[in-house]
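The structure appears right after this line, and notes come after that.
Just so you know, these numbers come straight off a predicted model, no measurement behind them.
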Amino acid sequence: MNTKLSLSVFLGLLAGGLGFAGSAQAFSFQTNFEYALTGNNAPRGDVWLNSVEVNDNIFSNFAFVNRAEIVYNDPFTGGNTGAASSDMGPLATVGTSRENPTNEDIVTSLGNNNLNSIIDGEDRGSFAINVWFDRRVDNLFLWERGMNSAVTVQAIDRLGNSLGNTFTIGRNNWDDAGFSINTLEIANTGNNVQRVGSRGVSLADLGLDPSVRSIGGIRVSAAWSELDGPGNNRMRRDYNGPDWQVVGAAVPEPGMIFGLGAIGAGLVASNLRKKGNKA
């Protein structure tokens, strides 16, 4: 059943603890998804995000990207040049495929619940993309095709100014999200069906003051820094071109707050229902 958590109930849960660590760290979650197609075509079509599950609590109130600004993207001059491109499954119905994407293409790729509509990063590419959500968010859910690349996230204000600190999910820090995808970018390669990894990022991870309860946007980057711009060859190799999708946990609808204060993970989840409960 769907429930709305009162402050008194939240305080009781906070006192008892919900299993998060006491310091900022990316968190694990389970992806509840649905393939639109079956058999060998399943990873080639739409993969619908239904909900995510954290500590037996199921959340489905997502905020999606509705505005984007490409801060930097290696120029595309043909072949495997460039860095971030819009990518989608060969049989997917939502998304777009653009080697040299515009801001609007980025929104088309990320502004939906199709996990087979992604931003593909070239292996040695450098990019930085500001994205804003259609509602304010207090936690982020990220996925990475291949589970072998790093990605950096930082909170931004409505003008794209940096807030807090950068937070990087390392190449070996992804959890298995439980599904695989095949996209146009890799359709003709020898490794054309790849497992997808997942990881959650809280406001505490982003170095924001506890008084900050939500943000409107983030900068997603690879092999790039605000101070120095595009990274060197070693930095590019270390990031290995992430292929990613992101949605936010929408606020301010009533919901459960995971890990503020002593717990420190800061996950606000709306439309909460306890797994296994009956109305």
Side-chain angles (χ1 to χ4, degrees), residues 5 7 10 14 18 20-21 23-29 49 51-52 54 57 59-72 84 103 106-107 109-113 119 127-144 150-169 173 198-222 224-227 242 244-261 263-272:
L5 191 69
L7 179 60
F10 158 66
L14 182 62
L18 292 167
F20 286 98
S23 59
Q25 60 178 4
F27 59 88
S28 299
F29 63 89
L49 170 64
S51 62
V52 300
V54 183
N57 298 303
F59 173 81
S60 59
N61 187 25
F62 299 116
F64 298 102
V65 170
N66 69 348
R67 183 161 67 99
E69 176 191 21
I70 299 172
V71 178
Y72 176 81
N103 293 336
I106 299 296
V107 173
S109 292
L110 300 178
N112 59 75
N113 68 327
I119 300 301
F127 68 83
I129 302 174
N130 291 344
V131 298
W132 291 266
F133 299 97
D134 56 14
R135 285 172 289 174
R136 293 185 68 82
V137 305
D138 62 353
N139 282 268
L140 306 166
F141 304 108
L142 291 100
W143 293 266
E144 202 279 322
V151 66
T152 294
V153 181
Q154 183 166 21
I156 56 175
D157 66 16
R158 63 184 180 85
L159 298 178
N161 298 311
S162 300
L163 303 173
N165 55 244
T166 60
F167 184 84
T168 299
I169 303 173
N173 295 141
S198 63
R199 205 73 173 141
V201 175
S202 71
L203 299 188
D205 294 326
L206 299 178
L208 298 175
D209 188 89
S211 64
V212 177
R213 298 300 179 87
S214 66
I215 56 175
I218 57 172
R219 179 179 304 122
V220 183
S221 65
W224 180 91
S225 72
E226 191 167 15
L227 179 62
W244 53 278
Q245 170 65 281
V246 61
V247 304
V251 295
E253 289 80 3
M256 175 173 284
I257 302 177
F258 294 89
L260 292 175
I263 299 175
L267 174 62
V268 175
S270 304
N271 292 338
L272 177 71

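- Taking CG from L203 and CG from D209, the interatomic distance works out to 11.0 Å, rounded to the nearest 0.5 Å.
- Take A63 and apply the side-chain contact (heavy atoms from CB on, under 4.5 Å) test, not counting sequence neighbours, and it matches F133, D134, R135, V137, A250.
- In this structure, A26 and F167 approach most closely via the heavy-atom pair N-CZ, 3.6 Å.
- A donor and an acceptor atom, one from each side chain of T152 and S221, are nowhere located under 3.5 Å apart.
- Note that CD1 of I169 is 5.0 Å distant from CG of L142, once rounded to the nearest 0.5 Å.
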Intermediate values then yes/no, side-chain contact (heavy atoms from CB on, under 4.5 Å), T166 and V153: CA-CA 6 Å; T166 60; V153 181; over 6 Å; no
Steps toward side-chain contact (heavy atoms from CB on, under 4.5 Å) verdict (N139, V201): CA-CA 6 Å; N139 282 268; V201 175; over 6 Å; no
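- Closest approach of G207 to N165, counting heavy atoms only: CA-OD1, 2.9 Å.
- Taking the side chain as every heavy atom from C-beta outward, W132 and V65 never approach each other to under 4.5 Å.
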F64 vs L110, side-chain contact (heavy atoms from CB on, under 4.5 Å): CA-CA, chis, key distance, verdict: CA-CA 7 Å; F64 298 102; L110 300 178; over 6 Å; no
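- With values rounded to the nearest 0.5 angstrom, S109 atom OG is found 9.0 Å from I129 atom CD1.
- Taking the side chain to side chain donor-acceptor pair (under 3.5 Å) definition, one finds that R219 meets it with N130, S162, sequence neighbours left out.
- Using cut-offs of 30° and 60° for the angle between ring planes, the F141 and W143 rings count as tilted.
- Considering every non-hydrogen atom in both F27 and V54, the closest pair reads CE1-CG2, 4.5 Å.
- Summarising the geometry of V131 relative to A68, their closest heavy-atom pair is CG1-CB, 4.2 Å, with the distance given to 0.1 Å.
- The two residues F29 and S198 make their nearest non-hydrogen contact at CZ-CB, 3.5 Å.
- Distance check: D205 CG to Q154 CD gives 13.0 Å after rounding to the nearest 0.5 Å.
- Between Q245 and N112 the shortest side-chain heavy-atom distance falls below 4.5 Å.
- To the nearest 0.5 Å, atom CG of residue N61 and atom CZ of residue F59 are 4.5 Å apart.
- Of the inter-residue distances, the one linking E69 atom CD with I156 atom CD1 reads 7.5 Å to the nearest 0.5 angstrom.
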Derivation and outcome, side-chain contact (heavy atoms from CB on, under 4.5 Å), residues F62 and V52: CA-CA 10 Å; F62 299 116; V52 300; 4.0 Å; yes
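- Under the side chain to side chain donor-acceptor pair (under 3.5 Å) criterion, D157 pairs with N161, sequence neighbours left out.
- The two residues P242 and A222 make their nearest non-hydrogen contact at CD-CB, 3.6 Å.
- The backbone N or O of S214 sits less than 3.5 Å from a side-chain atom of R136, completing a donor-acceptor pair.
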